[in-house]
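Note on naming: letters A, B, ... go to the chains in the order of the sequence lines (proteins, then strands), and numbering restarts at 1 for each one.
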Amino acid sequence: QQQVKQSPQSLIVQKGGISIINCAYENTAFDYFPWYQQFPGKGPALLIAIRPDVSEKKEGRFTISFNKSAKQFSLHIMDSQPGDSATYFCAASKGGNQFYFGTGTSLTVIP
Amino acid sequence: EAGVAQSPRYKIIEKRQSVAFWCNPISGHATLYWYQQILGQGPKLLIQFQNNGVVDDSQLPKDRFSAERLKGVDSTLKIQPAKLEDSAVYLCASSLVARRKETQYFGPGTRLLVL
């Protein structure tokens, strides 16, 4: 059973555009929702994270929107740059344990 | 600060052979995770250690996979015997403690190909 569902599988965006990646979860016990960025040949790196009592968190060009009632959260990348081209994973965990990752979104930003 | 170290980086074996991966977490990190990342999928947690004790191994195929963290620092993940479907990248991660907002730092992974 997929604990965290992620879409789209791949995304192509023009430079300067907005990239949006969506995730949904079932387990209401999850209390931490991080997003990771992964470049080829590297391990994932934490990008931004949110807890369920906050509806939005912004760090630079990256924003997480969180909808607790719908059990959905999304990553928005504003002013997308070619250097943002990578695979993005959403994840969910309970109390720092039992991390579940989405299936990943391959983002390509075209110059 | 040195990151999470893993070795080897690549390994090719035949099915039914055994293989072992090594991980050295960031100094002082009490929590260590092993993940399996199959091509095109997200990482799947195999086992989580807090110091040298197992916190969660619910998704570890215990008939063939084993892991240890004897002194609460380095860890070894073993597959014995390997199957074709074990071909994947094995990622090690560590965090200071297992706490909600604690950042996990990932190593570069070991890419395993089972023929």
Is it the backbone or the side chain of B/Q59 that comes under 4.5 Å from a heavy atom of chain A, or both, or neither?
->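 Just the side chain, heavy atoms under 4.5 Å.
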Counting neighbours of [atom1] on [X] that are heavy atoms of other residues, nucleotides or ligands and sit closer than 6.0 Å, is the number greater than 12?
X	atom1	answer
B/K11	NZ	no
B/L115	CG	yes
B/K62	NZ	yes
B/Q80	CD	no

How long is the span from the CD atom in A/Q38 to the CG atom in B/L91, to the nearest 0.5 Å?
-> 6.5 Å
Reported NZ-to-CZ distance for the pair A/K42 and B/F106, which is rounded to 0.5 angstrom =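 The CZ atom of B/F106 is 15.0 Å from NZ of A/K42, to the nearest 0.5 Å.
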Which atoms of A/Q9 approach chain B - backbone, side chain, both or neither, heavy atom under 4.5 Å = neither
Output, in order, the C-alpha distance, side-chain angles, deciding distance and verdict of side chain to side chain contact (heavy atoms under 4.5 Å, CB included) for A/F89 and B/Q41.
-> CA-CA 9 Å; A/F89 294 97; B/Q41 298 182 20; over 6 Å; no
For the pair B/Q104 and A/Y36, evaluate side chain to side chain contact (heavy atoms under 4.5 Å, CB included) and give the outcome as yes or no after the intermediate values.
-> CA-CA 10 Å; B/Q104 286 188 55; A/Y36 288 84; 3.8 Å; yes
Decide whether A/L46 and A/L107 are clustered together by the hydrophobic rule: side chain heavy atoms of Ile, Leu, Val, Met, Phe, Trp, Tyr closer than 4.5 Å, transitively.
-> no
Can you hop from A/F101 to B/I38 via hydrophobic side chains spaced under 4.5 Å?
->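 No, no single cluster joins them.
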Any idea which of A/A91, A/G43, A/G41, A/P44 has the most non-hydrogen atom pairs under 4.5 angstrom with chain B?
-> A/P44
Is any side-chain heavy atom of B/K44 less than 4.5 Å from a side-chain heavy atom of A/F99?
->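 Not touching, per the 4.5 Å side-chain cut-off.
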